[in-house]
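Just the heavy atoms: all of them, side chains too, but no hydrogens, waters or symmetry mates, feed the values below.
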Amino acid sequence: NARTTMKANNRASEYARHLGISCTGGSDAHMVEFIFTTYTEFEGDSAEDALEAIRRGKTRAAGRVMNRERIMEQKIINFFILTERIFALR
């Protein structure tokens, strides 16, 4: 997940391995700049290949994680956007 810390991602990966389930990467994109920052690697080139790799536990989460400062900046921006929308409704 690009919107969390590497430490949290590593813990999630360890937990998935413990449970014997596949790891997949997702950007959790709430802003355009986060789209395609994280993805799932697998052997093959089709949606069916991806699904089979997930079923067999043959996937790997990849990409880049945003640093804490960028994540906090996004949270602050989102807070002000939400506040602006709330006040616009009054």
> Using the rule that Ile, Leu, Val, Met, Phe, Trp and Tyr join whenever any side-chain heavy atoms are under 4.5 Å apart, tell me whether L82 and F79 fall into a single cluster.
no
> Mind checking the OG1-CG spacing from T83 to N78? Nearest 0.5 Å is all I need.
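CG of N78 is found 10.5 Å from OG1 of T83.
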> How long is the gap from NZ on K7 to CG on N9, to the nearest 0.5 Å?
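Interatomic distance, K7 NZ to N9 CG, rounded to 0.5 Å: 12.5 Å.
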> Return the set of residues passing salt bridge (Lys or Arg N to Asp or Glu O under 4.0 Å) with E14 (not counting sequence neighbours), or none when no residue passes.
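Partners of E14 under the salt bridge (Lys or Arg N to Asp or Glu O under 4.0 Å) test: none.
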> Taking distance alone, no hydrogens or angles, what donor-acceptor pairs closer than 3.5 Å link side-chain atoms of residues 17-26 to residues at least two apart or in another chain?
unit_1: S22; atom_1: OG; unit_2: I54; atom_2: O; d: 2.4
unit_1: S22; atom_1: OG; unit_2: G57; atom_2: N; d: 3.3

> Nearest 0.5 Å, what's the CZ-OH distance between R60 and Y39?
7.0 Å
> Minimum heavy-atom separation for T40 and F42, please, with both atom names.
O-CD2, 3.8 Å
